[in-house]
Amino acid sequence: MPSTNAPAAGAERPLRRIRSLPGPFALPFVGSALQLTRQRVHQDFERWCRRYGPLFRVVLGNVTMLVVADHASVGAILRDRPDGFRRPAVTDRIAREMGATGLFQAEGAEWRNQRRMVMPGFAPAAIKAYFPSLVTVALRLRGRWRAAAEAGADIDLERDLKRYTVDIIAGLAFGTDVNTIESGEDVIQRHMDVILPAVMRRSFAIIPYWRWFKLPCDRLLERSVAALNAAIAVLIGQARARMRAEPERRECPRNLLEAMLNAADQPDSGVDDNTVVGNVSTMLLAGEDTTANTIAWMLYLMRRNPHTLRRAQEEVRRLAPDPAAFSIEQMDALDYLGACASEAMRLKPVAPYLPLEAVRDTVIGDVNVPAGSFIWCVMRHDSVAEEHFPNASAFEPERWLRGERAPGKHISMPFGAGPRLCPGRYLALLEIKIALAMTLASFEVEGVDTPDDKEARELGGFVMAPIGLRLRLERARTDAA
């Protein structure tokens with residue numbers, strides 16, 4: 001099937017070639033790479049979109065890529081995965097060099113095998129069974145933030161939210177209570193903080209120098225990957241021991257790791273323990289920063305728009321006033337809080353771009369795209385355009401509460417689209433609601449500030465994060481002891 005909106009049948013306009021498209025000036029060997037800022041790559045591409053339009057070319061090194069920014073074409077590309085488009089082969093090589101073989105970077109039959117293994121653990125029924133553990137983690141975060149509020153201390157928002165998300169993912173994935181919120185930094189989190197920047201750095205390297213010689217950062221990366229895999233291997237061994245001692249766990253796995261091991265052991269599953277290790281690593285890497293940064297952006301935007309904070313707080317205190325008694329039904333009822341999440345992800349998507357590669361010859365818009373071509377999807381272009389979202393730069397959660405007149409989910413796609421829609425979407429939204437509901441029920445948000453008291457700057461990396469946000473809270477008078 002056609003992957004994007006190609007010209008209508010009978011159209012006389014010839015298809016354009018990628019190299020003939022407008023785009024930024026390119027030098028020999030490096031292309032336009034010198035015009036990019038590593039920590040603001042997403043903003044550089046968005047700036048080029050405003051100059052060259054929704055379809056243009058960019059040369060990086062010896063690669064000429066097609067940049068696609070209109071939501072219809074991006075959505076069609078995402079719906080044509082994995083058969084029509086895949087992650088770039090270079091990204092796959094980098095991931096495999098680092099020992100990652102999980103669902104996030106798998107393609108084709110490998111992806112289908114792994115998705116069958118992983119999806120049952122992310123199904124709403126499985127997440128609902130895990131809900132009490134989510135609340136337990138949120139209550140620990142409340143305890144930490146209560147101590148900070150009583151001491152009048154600022155809270156390092158990024159650090160604490162990463163602890164919150166790591167504890168949730170580790171508990172769901174391993175059935176293990178790592179409790180980094182109360183006990184401090186965990187070995188898994190420490191090594192992820194090394195691995196994630198390295199993925200970004202290597203993905204943009206013009207020359208893969210590390211294949212011939214290692215810099216200190218590469219040796220540190222190797223140690224972190226080895227340590228992370230060793231820690232996961234220990235957890236897999238513990239899980240297999242539990243499953244041998246309690247055979248009923250095979251029929252009713254109690255965590256995602258047990259479910260994946262059970263699936264891997266089935267005849268003709270197409271996966272093994274190495275694949276399980278890769279998927280556990282992937283869940284930790286993908287689930288930590290993405291959700292933590294979405295929560296941070298959400299708090300920042302709500303604080304900058306006090307009327308949204310007041311409305312969300314009123315909703316929480318009316319429908320879910322006691323975090324210790326949170327229920328799935330209460331979280332589902334928090335419509336305005338959900339709208340705040342949707343609006344924050346529209347303005348500040350943690351994945352503002354998605355690089356892909358064409359698997360077969362295709363057409364995007366009026367551009368001929370040969371198999372093997374690199375495609376750079378800009379995810380935040382139409383979602384902040386006035387023609388799609390009136391008053392587009394404003395934080396207006398109400399726009400998501402207009403029923404049939406609400407903006408289409410096909411324009412803002414923070415979790416992707418099509419067959420490869422993020423499998424952790426339900427869990428992420430639940431984590432976001434629980435964290436915000438706990439905060440609004442228990443505290444007054446006095447400030448969400450940057451180090452220089454100016455507008456929060458975007459740090460591009462593996463995900464897009466706010467730089468250095470500090471949270472100031474006061475304990476709410478209505479908060480139970």
Side-chain angles (χ1 to χ4, degrees), residues 18-71 73-74 77-78 85 87-88 90-91 94 196-208 289-290 293-294 297 344-357 364-365 367 369 373-386 388-389 392-393 411-414 416 450 452 454-468:
I18 295 175
R19 288 186 177 275
S20 71
L21 298 175
F25 177 75
L27 293 169
F29 184 67
V30 298
S32 301
L34 299 181
Q35 301 174 50
L36 295 173
T37 307
R38 179 178 297 170
Q39 295 181 338
R40 295 195 301 274
V41 167
H42 65 292
Q43 293 178 333
D44 293 331
F45 273 85
E46 290 169 351
R47 172 172 49 83
W48 285 336
C49 286
R50 292 190 291 272
R51 180 173 182 179
Y52 300 109
L55 286 172
F56 61 96
R57 59 106 184 107
V58 169
V59 180
L60 295 180
N62 63 350
V63 174
T64 299
M65 66 174 68
L66 173 65
V67 181
V68 183
D70 75 276
H71 72 276
S73 293
V74 170
I77 289 169
L78 298 184
F85 297 89
R87 293 190 184 279
V90 62
T91 304
I94 289 170
L196 286 173
V199 173
M200 180 68 177
R201 185 177 65 250
R202 289 189 173 185
S203 295
F204 281 93
I206 295 176
I207 299 175
D289 278 16
T290 51
N293 285 316
T294 296
W297 279 121
M345 289 186 287
R346 178 185 73 83
L347 290 170
K348 302 292 185 180
V350 294
Y353 60 84
L354 179 63
L356 296 171
E357 181 179 321
I364 298 177
V367 179
V369 180
S373 299
F374 286 84
I375 314 296
W376 185 282
C377 296
V378 177
M379 307 303 290
R380 184 178 60 176
H381 179 68
D382 283 0
S383 65
V384 292
E386 288 292 330
H388 300 294
F389 292 87
S393 63
I411 299 176
S412 177
M413 297 173 278
T450 60
D452 57 5
K454 296 181 180 178
E455 185 173 346
R457 289 180 293 147
E458 299 176 354
L459 176 65
F462 186 77
V463 298
M464 192 267 285
I467 298 176

Next item on the list: Check the pair Val74 / Leu354 against side chain to side chain contact (heavy atoms under 4.5 Å, CB included), numbers first and verdict last.
Entry: CA-CA 10 Å; Val74 170; Leu354 179 63; over 6 Å; no

Note to self: What verdict does the side chain to side chain contact (heavy atoms under 4.5 Å, CB included) test give for Leu60 and Leu36, after you've listed the backbone C-alpha separation in whole Å, the side-chain angles of each residue and the deciding distance to 0.1 Å?
What the structure shows: CA-CA 10 Å; Leu60 295 180; Leu36 295 173; 3.6 Å; yes

Margin query: Applying side chain to side chain contact (heavy atoms under 4.5 Å, CB included) to Thr450 and Arg457, what does each step give before you reach the verdict?
Written below: CA-CA 8 Å; Thr450 60; Arg457 289 180 293 147; over 6 Å; no

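Between the Arg380 side chain and the Leu347 main chain, a donor and an acceptor come within less than 3.5 Å of each other. In terms of modelled atom types and a separation under 3.5 Å, the side chain of Arg346 and the main chain of Ser383 share a donor-acceptor contact.
With sequence neighbours excluded, the residues satisfying side chain to side chain donor-acceptor pair (under 3.5 Å) with His71 are Asp382. Residues passing the side chain to side chain donor-acceptor pair (under 3.5 Å) test with Arg47, sequence neighbours excluded: Asp44. Looking at residues two or more places apart in sequence or on another chain, you find no side chain to side chain donor-acceptor pair (under 3.5 Å) involving Asn62. Qualifying side chain to side chain donor-acceptor pair (under 3.5 Å) partners for Thr64, counting only residues two or more places apart in sequence or in other chains: Arg19.
Phe389 has its side chain within reach of Ile411: a pair of non-hydrogen atoms, C-beta onward, lies under 4.5 Å apart. Side chains of Phe85 and Ile375 form a contact here, defined as non-hydrogen atoms less than 4.5 Å apart. Residues Leu78 and Met379 are in side-chain contact: their nearest non-hydrogen atoms beyond the backbone lie under 4.5 Å apart. Counting heavy atoms from C-beta on, the side chains of Val384 and Ser393 never come closer than 4.5 Å.
Atoms OH and CE, from Tyr353 and Met464 in turn, are 10.5 Å apart once rounded to the nearest 0.5 Å. Rounding to the nearest 0.5 angstrom, the gap separating the CD1 atom in Ile467 from the CG atom in Asp452 is 9.0 Å. Here the OG1-NE2 distance, from Thr37 to His42, works out to 10.5 Å after rounding to the nearest 0.5 Å. Note that the OG atom of Ser373 and the CG atom of Leu66 stand 8.0 Å from one another [nearest 0.5 Å]. Atom-to-atom distance recorded for Lys348:NZ and Thr294:OG1 is 12.5 Å, nearest 0.5 angstrom. Distance CD/Glu46 to CZ/Arg40: 12.5 Å, rounded to 0.5 Å.
Residue Glu458 comes nearest to Gln43 through the heavy atom pair OE1-NE2, 3.1 Å, listed as atom of the first residue, atom of the second, then distance. Nearest heavy-atom pair, Ala392 versus Glu386, reported as atom, atom and distance to 0.1 Å: N-OE2, 2.9 Å. In terms of heavy atoms, Gly365 sits closest to Leu55 at CA-CD1, 4.2 Å.
Heavy-atom contacts from other residues, nucleotides or ligands closer than 6.0 Å to CD of Gln39 number 12 or fewer.
Among residues at least two apart or in separate chains, there is no side-chain hydrogen bond (donor to acceptor under 3.5 Å, both in side chains) pair with a member in residues 20-29.
Using a 30° and 60° split on the angle between ring planes, Trp48 and Phe45 fall in the perpendicular class, above 60°.
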In residues 21-34, what donor-acceptor pairs under 3.5 Å come from side-chain atoms, sequence neighbours left out?
residue	atom	partner	partner atom	Å
Ser32	OG	Phe25	O	2.8

